[in-house]
Every structure is written in C-alpha cells, then in structure tokens.
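Some notes on the structure that comes next.
Here is the naming used below: chain letters follow the sequence lines, and residue numbers restart at 1 for every chain.
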Amino acid sequence: MLISRPMNSSQSELPSQGHSAALPDRYNPQEVEGRIYSWWESRGFFKAEDVSTKAPFCVILPPPNVTGSLHMGHALDHTIQDVLVRWKRMSGFNALWLPGTDHAGIATQSVVERELRKEGLSRQEMGREAFEQRVWQWKEQYGNRIVEQMKRLGDSCDWDRLTFTLDKEVSKSVRKVFVSLYQKGWIYRGTRLINWSPQLESALSDLEVEHQEVKGHLWHLRYPLAQGEASLVVATTRPETMLGDTAVAVHPEDERYKDLIGQEIELPLTGRRIPIVADAHVDKDFGSGAVKITPAHDFNDYELGQRHNLEMINILNRNGTLNDSVPEPYRGLTTAQARKKLVADLEEMGLLVEVEPHSHSVGHCSRTGCVVEPLLSEQWFVKTSELAVPAKRVVESGTLRFEPESWTKTYLHWMSIIQDWCISRQLWWGHRIPAWTCTDCGQLTVAEEDPSQCGHCGSSKIQQDEDVLDTWFSSALWPFSTLGWPKETEALKTFYPTNVLVTGHDIIFFWVARMIMMGLEFCRDVPFRTVYIHGLIRDAQGLKMSKSSGNSVDPVEVIEQNGADALRFTLMSQLAAGRDLKFSQQRLEGYRNFMNKIWNAARFSLAALEGFEVPEQGLQALPQRSDLSVADQWIVYKLGLTEKAVDEALQSYRFADAANAVYSFAWHEFCDWYLEFIKPIIYGSSESEKKATQLVLAQVLNRVVRLLHPFAPFITEEIYQKLPLKGSEALITETFPTPRQDKHWLSVGSQEAALALDLVREVVTAIRNIRGENRIKPGEKIAVRLVPERDEAQKILGDNKGSIMTLAKLESCEIGPAQSLAKCALAPVVLGDLRVDVVVPLEGLVDIAEEIKRTSKALEKRQKELAQLQGRLNNENFVKNAPEEVVEQGRVQLEQLRNQISSLEASLARLR
RNA sequence: AGGGCCUUAGCUCAGUUGGUAGAGCGCCACCCUUACAAGGUGGAUGUCGUCGGUUCGACCCCGGCAGGCCCUACCA
C-alpha cells in the first residue's frame, strides 16, 4: 500500500517534532522527508545569490520533459547533482542548482494528440492556435508533476528560478540566436535529403534516427535495356523505391557492364527511360554489381545523383504513402503495401530473378519507432563546420574537461565528422521559426520581433514559416538563456560559465556538444568547465530499463518504500567512473538498513549525551586530553582519515569512494567499535572521563551527519535537529568537514592512540574468535589471561581492561606473565612491534578437540605465509632489487611469523 | 568495417602511480547482550578469462587469443 504524501510548501514550523518525543527504534522516512523538505524550502536554503562575496558554484539541471515522470535515470542524474550542490553549498560556495523543464516538442505534442483522439478530435480539425492553447493547458495541469517528484528525491534546486523552455525570456534568446546565425549565414534553408518520420510527418536530425539490424531480403530485379533484347539485374533491399529510380550505376571497370555504360534502361512499370552511369562507388562484388539509383530516397544515391546530375523524383507523401508521381495501382499505398504488390507484379512479368535473405540496418524514428524514410525536402539547417572549430579547441586545450576523461576522444571524433544540423520540425508545439515569406516578392524576412511587412519590398503580405525548431535548439542555449541572456544580468555575470554539467553519455552529441558550440559563439566562453558523464541504469540482470520491457523500477515507489536517502545512497555507492550500473533490490535494502543503523546510532548517542553540557566554544570545544580514552583519540583520528578520503574522492568525482568511506566509518568504526567501547565509560563512575567522552561523542556524531548529508540529506537533517551540539540552524547550511577546515578539532585525534586501540581490537577479536570457533555461548562469561611481551603492550592492555572485558564478555581478565598453559587456547596477536599472547583456559568449557582444530588451522595458515615469505627473501634478486623498506618489512614479518608459529606449536603440543 | 569498454568470491562490483586481493549481498555456525534481528559475533569462499612478454616481483604495464557489451559508419 503506497500513500503519496504531497509536499506542503507553505509549512514553515520547525522540522523536528519536538525534542521530548523519544525516537522510534525504526527510522520512518515517510514521516520525516516531506516535513524536512518543506522546511528547507520555506526557509529559503536552496536559494543562491545573484551577487555574493562567496565564490559561485553553478549546476544547470538538464531539463526533464514536462511530459515525463521521474525514472531511475533521473534519480541517478539528480542525485549526483544534488550531492555536488549540497557539498559545495556546505563548503561555503554560493551554490546554484538551476532547474527547468523542457517543452519536448514531439513527446508533448504526441501526448496531447493522443488525448484528443480519445475525444474524437485531431489537431488539424482544431487548428494551430486552438491546439497550442490546448497543449499549454495540458502543461499547466500536468507539467509540474516531475517537479514534485524531484522534490521527493530531495533535489535542492533554487525553485524561484525554475525555467520552461518556452518561457518568454527563453524565446527571446532563441530568436536572437536564430537571427544572428541566419545573418552570419550559419543558419540556412535548403532542399536536401533528410530523415523523415512518416508517423510524425516531420523531419528528424541524424541523431534522432536509431539504426537497427533488420532481417530483410535482397531482391534481384531484371531491368530491360531500352534498345534491343539485353537486360541487366540490379539488387535492392527496398524494391518499391524503383518507382523513383533515375539511373542504374555500375563500376567503370566492371567488364560485365562496360559496354552498357551510356545506354538506357526502360524502367519496368513506369516506362521511364533512365541512363546507365559509371561510378567508382559501386561495389562490383555486391549483389549483381549493378545498383539502381533513387536519389530522392537514399543518402548514397543522393550523392551519386548529384555527381551525375540525375533527376530526383520524390515518390512519397508526408505520411509515407506513395504519391502521384508513381503509376496508378501503387498510388496511395504504404511502402510496405507497395513493396508487396510491386514484387508480385514483377514476378508475374518474369522480372523477379531471385530473392535472398539479407540482413541490413534500417533507420528507425527514436520517438515512434517507425521506419525512417530518407526524403528530399526543404528544411532549415545549422551550418556546423565553423561552430565546431572552437568547440573542439576548448576540449583539446583542457579548458573544458570530460569526466571521466575517456569521453574526450569520443567527443572530438564526433565533432570532426559533424554534419549540418536539420533544425526544422513539422510540428506545432515549439519555438516557431522566426522567418516570414513575402507573397509578393518571395523573399524571406528573418527577425527577432514579429515583422508587419516584408523586409525587402515592404509588402504586408507576409507569412510566417509553419515549422518549429528542434527542441534541442533551445536546449543548446540553456546554460545562458536560463541566466537571463541576452540581458547582461547579474546572474549571468556571476554564474556563467557554470561549473559542472552532469549527464548521461546518450546525449553528449544531442545536447552537450551543441551547448558548447552555442556558448562559445554567443557568450565567448565555455558553458561549463567540467562535463561529468555517468552511466545508464540497468536492471539487476543488466538490461536497459524500459517501460516496454516491464523491467523499469519507479524511483517514487522506491522512495515511498525505503526512503529517498536509501535510494540516493544505493545509487551513489555504486557510481564508478562513467560505468553503467545495475539496480538491485538487495543492495537497496542494504542501504535502507544502513539508514536505520545511523538512526539507531543517533538514538543511542542522544541517550548517552543525557546531561551533556554544551560547551561555550561549541564545535571548537576540545576536551582535556588527560581525560580521554584511547578510543576517543582513535575515533577522532579515524574521523580525520575519513574526512580526508571523502574530500579527495569528491574533489575527483569518485562518488562511490566518498559514499563508501563514510559508510564504513559510520558503521564499522563509529558504531561497531566506538559506541561499544564507550559504554563502560558512559555508564561508569568517572565523571571527568564521562564528560570528556560525551564531548567527543557529540563532536563526532555532529561530523558524521555532516559528512553523510549530501548523500542522505533527510535523515541527517532530522538527526541534526536533535543534536545538542551544532553550529547552525540547519545541517544543510552547516560546514562540510575537511581536514583543513576541521584541523582544530581533529588535533584531538592521535595516531599513537589509534595504534593502541588497534591492539585492543585485535585482542578482543582474538578472544571472540576463540569463543566462536569453540562455540562458547555469547552469554557465557569466560576468564582470560593476556601475556604482553613488552611493557608498552602491558600498559595499553591495563588502561583498556574494562573495555576489553565488556567487548569480549569476560568474567575476569588478568594481564601478566604466563602461568600454567595446560588446557588453554592460545592466540598470538601481533601489531607492529607489539605482541600479546591471548590465553583462554578451556578446562570444562569445551571439547578440546575443537580447539586443536582451531589452533591447527591458525598454524597452517601462518606456515603457508611463512613459506611464501621465505621464498621471496631467499631470492637474491629480490633482496638486491626491491626497495630497502620492502625487504625490511618482509624480514620483520618473517620474525613475527616465526614467533607466532612457535607459540602455536607449543600450544598444540600442550593440548595433545 | 572503425572506435571504445568489460572479464576479480555464489551474485553485483571496488581495487588512484606494480609489493602478493577487498566491499555489499548471499552462505554456514552461535546469539532477541538494555541503540539497532532492517541487529550482533565468528567463519568459509578466488591458479584476478586465456596464452605469452617486461620485471626481483603483475589483478595492475605491453602483445596475441577467447567471450560479453556499447557506440559510430555503411552494406544497393
């Protein structure tokens, strides 16, 4: 059962439900997330300043389609951006995440047309104006759905700046760019062969065509010569296009056809006479070596046709049916119908020589999936050759970087073979092309403001071009049109060039490349410094998620069931260098559990902080070092390492490393060891020790939620609101901890203490291991003797005896020289140059045979290591060539292994 | 055809300058120990795809091969 919880943005009371209420032992994201988000929003925490003393950091959101609903791809894309923005915001930047939505010409028009069809209407019947109004109406009603879903994810966008690609201001920039490029001659209108979607009845750009391998046939057709009885055979995968043939081409050096060059064919069914031409592009070995040429419906034939000055016959209507240029029986048929009939007719005439299976790739419309027909038609184009030059240069010079860097090569390659961009679409929903044709003089007037008369002859009989611009045209201007360009706004001055663009590799060419070209042309600078390219989300099996294959996971549902934080963490923790990632339910549950762990750690900590007095210095307050336990110094030391790891990882876009560093610190160091370790202190009798530990606990917990916040914003803010020690009203505006920023506090940590605590941990683990392997019940308390080799180890163990006893569940713990070792389990613990033998008397506790097994296993393992190590050290070349420290390290290790082995052997002997 | 990526524990994947392999999940055993069973403790598991080269030493660098994936172009 899913209950959707609408966000109430007018809510502005404190986000927490009050400090007195005890926290439940399970974290309930549904209860927390909406409340926290509304509070952030109402407090204006997402807003950036147009003018600020802080350094700017700007990310523009790739505008999702207004028709869209949030899918996993968005969830990934947005989480990355939100992590970056929250991290930078906390790091003291004037951080702007600029949101928007895209009018998505084709997609939106299709949705509304589908709606109309249900009402028995069509856009043609309605007329253009009424239809456009209807789409706007639709947009007002449903266009915000995706925005609401983004809020569920926790996106911290500056919503006041929400821009729609058809907003008035954006339209102004679109027109200015169009007119300017037109005046430069870089936008032109021309009749060329373009990709046509018969279903959309519109032109498409090359990029909107998806090639798929299709199993088809190769039809061999006999074409009789106009003179005499001779004939020649051509092979084709699209027999119906023969109706538009205007030549047959052969290779100039093909002996079979040499004599036919220059002669004419009488094209069957049409009776047209077409020439046989010679062209070196013909492959002698493919098919029959003779190619039918249809210049108006094939890209290769088009080029060949131009070379040979061939006639171009368009045989198709807008909807893909055959037009009146073909003979009667075929008129009005679809290409599929025509193909069937035509092949049958030719067969009857004895002109079908052979049909062989043949697979080839066919262009499909990326929107509708229908087969794309190459079609000769008049369209608008952007000339890209000049625009591409600086767009390549900025990447080559490193002014603009791709992350991961490997995309640079792909980008540059594409930019070097870039074709002119067909930008007109025969749709009604979009930016209408600002060009007017004069009915009197026939000339074009292109203008930013709607003209009332022809710019050439002054006639008032002018008509605006019916077409709209490719949606990607306005998207290409996004980094500056959203900041107010062409006005020189403060926002533009502050935030352009933006810092990072985050997107999937599927739209590098659709979008990224075009933004770079337009940004350089109109703002004289790159639109962003870094392009972060992430992979695509796949299902657990690694298949592409898609609605049609039914394997897509709805992020909103995931959020409802597990919380946005769990989803975000799942995505970020697996995000490695631009690789695709698989979404698995199990992994998600793991991170949901992690959120619960954090929740409970906070619950425990808050209880342990009962009676804690907030120091005057706040987050800068340091405890008396003499009151600190090694655990306190150790956890701060580890915190410092974690801050460093997270900082470095985020700086270099290694999101998974950052997320995993906090994860393992929070769970395996803070929860597993530190919280367990301080229990005896918290419940103990020494007030001074307790006070010092409480301060450390409060400080560390505060930093844990800060480090975690970009990844898991909701739960951390909720916890933060209940913390006794904090530096800000809200976590979202707190400072992100780094070793530099946090230097003062981190000075509490100590590496020596860390080493000492590691010894304690090793000792505890050794005891637990003996317990576990011998199946001693966790409830059963045992006695242990610890035999340190040196005074230093003795002191560490003495200082931490209480914690060792608690952590290992001991009845007694003696530290000192070995006494009787009969019937004892022994485990040698070695750490650096410290050594402790852990001795557990087993008399009456367990079956000695089990312990013999355990000891033998430990012994065997070490003997294997020893053999390996000896082999290496006995190799002269190793000793000669390896760095001194590596050799020395090996020698020390060897010594340690020998000691441990002799201890274990002795122990084993005693047991037997 | 050209270019790119991948192959590491049962599964999904890390492994940042070459020093002898890790995580999460799963699995086995024992535990409802007063933050958390969405938990705790302990344990098992890998000739790092294959062959060869460089090196004292290779998961890591170089080359061949096999298998999987992606992109671009084209196949009348």
When you look at CD of A:Gln306, are more than 12 heavy atoms from neighbouring residues, nucleotides or ligands closer to it than 6.0 Å?
->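 Enclosed.
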Could you let me know what [N] is paired to, Watson-Crick or G-U wobble, both distances under 3.5 Å, or none if it's on its own?
{"N": "B:A37", "answer": "none"}
{"N": "B:C69", "answer": "B:G4"}
{"N": "B:U47", "answer": "none"}
{"N": "B:A14", "answer": "none"}
{"N": "B:C32", "answer": "none"}
{"N": "B:A21", "answer": "none"}
{"N": "B:A76", "answer": "none"}

Quick one: the side chain of [X] and the base of [N], do they pair up donor-acceptor inside 3.5 Å?
{"X": "A:Glu676", "N": "B:A35", "answer": "yes"}
{"X": "A:Arg775", "N": "B:A29", "answer": "no"}
{"X": "A:Lys777", "N": "B:C31", "answer": "no"}

For atom [atom1], what is the distance between [N] and [M], given to the nearest Å?
{"N": "B:C56", "M": "B:G49", "atom1": "P", "answer": "24 Å"}
{"N": "B:C65", "M": "B:U72", "atom1": "P", "answer": "26 Å"}
{"N": "B:U8", "M": "B:G15", "atom1": "P", "answer": "14 Å"}
{"N": "B:C60", "M": "B:G52", "atom1": "P", "answer": "14 Å"}
{"N": "B:G63", "M": "B:G26", "atom1": "C1'", "answer": "39 Å"}
{"N": "B:A29", "M": "B:A21", "atom1": "C1'", "answer": "26 Å"}
{"N": "B:C61", "M": "B:A23", "atom1": "C1'", "answer": "26 Å"}
{"N": "B:A9", "M": "B:C5", "atom1": "C1'", "answer": "23 Å"}

* Asked: With distance as the sole criterion, is a donor-acceptor pair present between the side chains of A:Arg872 and A:Asn875 under 3.5 Å?
  ->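 No, because no side-chain N or O of A:Arg872 sits under 3.5 Å from a partner of the opposite role on A:Asn875.
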* Between the side chains of A:Ser573 and A:Asn660, is a donor N or O closer than 3.5 angstrom to an acceptor N or O? ->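 Per modelled atom types, A:Ser573 and A:Asn660 side chains form no pair under 3.5 Å.
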> With sugar-phosphate meaning primed atoms plus P, OP1 and OP2, does A:Phe299 contact a base, only sugar-phosphate, or nothing at under 4.0 Å between heavy atoms?
Replying inline: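 Answer is nothing: A:Phe299 stays at 4.0 Å or more from every strand.
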key: Earlier contact from the 5' end, RNA chain B, for A:Asn877 and A:His281   =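 Its nucleotide being nearer the 5' end, the pick is A:Asn877.
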(request) Please figure out whether A:Pro29 or A:Ala290 has its closest RNA chain B nucleotide nearer the 5' end. (result)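 Nearer the 5' end of the strand: A:Pro29.
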Would you say [N] has OP1 or OP2 under 4.0 Å from some side-chain N or O of [X]?
{"X": "A:Lys781", "N": "B:U33", "value": "no"}
{"X": "A:His668", "N": "B:G22", "value": "no"}
{"X": "A:Asn875", "N": "B:G57", "value": "no"}
{"X": "A:Lys809", "N": "B:U33", "value": "no"}

Task: Side chains of A:Val248 and A:Ile274 in contact at under 4.5 Å (non-hydrogen atoms) - done: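 Yes; the side chains approach each other to less than 4.5 Å.
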A:Arg238 versus A:Glu373: any side-chain heavy-atom pair under 4.5 Å?
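In contact.
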Q | All pairs passing side chain to side chain donor-acceptor pair (under 3.5 Å) where residues 881-893 of chain A contributes a residue, at least two apart | A |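 Not a single pair qualifies under side chain to side chain donor-acceptor pair (under 3.5 Å).
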